[in-house]
Amino acid sequence: TESYIEKIMQVPRILLQGLEYNPKNADLMVLLAKYYRDSGDKQNSIINYNKAIAEFTALGENDMAIILKNERDAIK
């Protein structure tokens, strides 16, 4: 998302495609949430943060879930 600025519009399509093949990949969910956050799409950002939080919680990675909750809650 930062290296190829000229291809920034392809980011959501690529991440969503990755999630189609690996629907429980919390890292892809986080990248998508941050992309939406940075592009001003608060609704989709929060949706993807919530999905990632649920996945990390299910994996027992509570510290990461807390970090993501704080990031999500900072979206205004």
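Just so it is clear, the structure is predicted and the values come from calculations on it, not from any experiment.
- To the nearest 0.5 Å, atom NZ of residue K42 and atom CD1 of residue I75 are 9.0 Å apart.
- Scored by the side chain to side chain donor-acceptor pair (under 3.5 Å) test, E55 finds no partners at all (sequence neighbours excluded).
- Counting only heavy atoms from C-beta outward, the side chains of S45 and Y35 never approach each other to under 4.5 Å.
- Connection of I47 to M64 is not established within any shared hydrophobic cluster, with ILVMFWY side chains joined at heavy-atom distances below 4.5 Å, either directly or through further cluster members.
- Separation of atoms CG (L68) and CG (N48) is listed at 11.5 Å; rounding is to 0.5 Å.
- For Y36 against P12, the heavy-atom pair with the smallest separation is OH-CB, 4.1 Å.
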Without placing hydrogens or testing angles, list every side-chain donor-acceptor pair under 3.5 Å for residues 23-33, not counting sequence neighbours.
{"residue": "N25", "atom": "OD1", "partner": "D27", "partner atom": "N", "Å": "3.0"}
{"residue": "N25", "atom": "OD1", "partner": "L28", "partner atom": "N", "Å": "2.9"}

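- Put simply, the side chain of N44 reaches to within 4.5 Å of the side chain of D41, judged on heavy atoms.
- Residue pairs meeting the side chain to side chain donor-acceptor pair (under 3.5 Å) criterion with at least one member in residues 58-73, sequence neighbours excluded, are Y49-E71, N50-R72.
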